[in-house]
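Read the numbers this way: they start at 1 and go in the same order the structure lists the ligands and their atoms.
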Amino acid sequence: MREADLGFKHQFVPAQSPSLPTLLLLHGTGGDENDLLPLGQALAPGAALLSPRGKVLENGMPRFFRRLAMGVFDEQDLRFRTRELHEFVRAASDRYGFDLGNVVAVGYSNGANIAGSMLLLYPEALRAALLLSPMLPLKPEQMPNLKSVAVFVAAGRADPIVAPENTRQLVLLLEQAGADVTEHWHQGGHELTHPVVEEAHQWLSSLLRT
Ligand code: MLT
């Protein structure tokens, strides 16, 4: 780990205008810091992009936290890694000069799960989050206050990795915490498809206009 990495290998693309948000791009298992840059550009053209590579390796594939089996998380590691990611975002804001109050997480699969964990454990860290094929990452001891946070959740009714019921538990918890949640359910599985990206783009565009 080099100091220059701020603790994570990452990509940073500055915003084209200071009013645009910073998208925190969080890839799925086996991805890296380059994977979601085109997605970020499609979702919010001109926004700053902060894209770290997950530091946990599973059979050589980068992830953001350890799991014990498919869908069974090492919660201690998840909490530790969530704090680490939170600290990385703060350090990156110091380094690159973006507004910590205007950070929007975009996570896919494993990246959606650490983004969900960040919402639940550090509710002040994100203005909004787009969770693409997420599941309930953990249950916090205390109910967070997410009253000023908007969340877009996209999930497939035929997802073989995440049972729809599990995603619904996450949505319920976010709503109980006061988040403004928009759900987008499709007939597909765990993959990220063009119609999902289009829905996510529409949602984010209207959020950024408000
Ligand atoms: C996870 O481990 O975060 C989920 O099972 C999603 C995945 O990475 O496949």
re atom 5 (O) of ligand 1, the protein heavy-atom contact at minimum distance is Arg67 NH1, 3.2 Å
Among non-hydrogen protein atoms, atom 8 (O) of ligand 1 lies closest to Thr29 OG1, 2.5 Å
task: Compute the minimum heavy-atom distance from Phe73 to ligand 1 and say whether it is under 4.0 Å.
output: yes
request  = Take every heavy atom of Ser109, measure it against each atom of ligand 1, and state whether any distance is under 4.0 Å.
outcome  = yes
_One pair to check against salt bridge (charged side-chain N to carboxylate O under 4.0 Å, His left out): Lys9 and Asp5. What are the steps and the verdict?_
CA-CA 5 Å; Lys9 285 199 172 66; Asp5 288 340; 5.1 Å; no
Within 4.0 Å of some non-hydrogen atom of Arg63, the atoms of ligand 1 are 1 (C), 2 (O), 3 (O), 8 (O)
Applying ring-ring contact (aromatic ring centres under 6.0 Å, His included) to Phe73 and not counting sequence neighbours gives Phe65
Worksheet item: Ring centroid separation for Tyr108 and His190, is it under 6.0 angstrom?
Response: yes
- Could you go step by step and tell me if Met135 and Ile161 meet the side chain to side chain contact (heavy atoms under 4.5 Å, CB included) rule? CA-CA 9 Å; Met135 54 190 284; Ile161 294 175; 5.8 Å; no
Filtering Val72, Leu78, Asn113, Asn110 for the heavy atom nearest atom 4 (C) of ligand 1 leaves Asn113
For residues 25-35, the side-chain hydrogen bond (donor to acceptor under 3.5 Å, both in side chains) pairs (sequence neighbours left out) are Gln11-Asn34, Thr29-Arg63, Glu33-Arg53
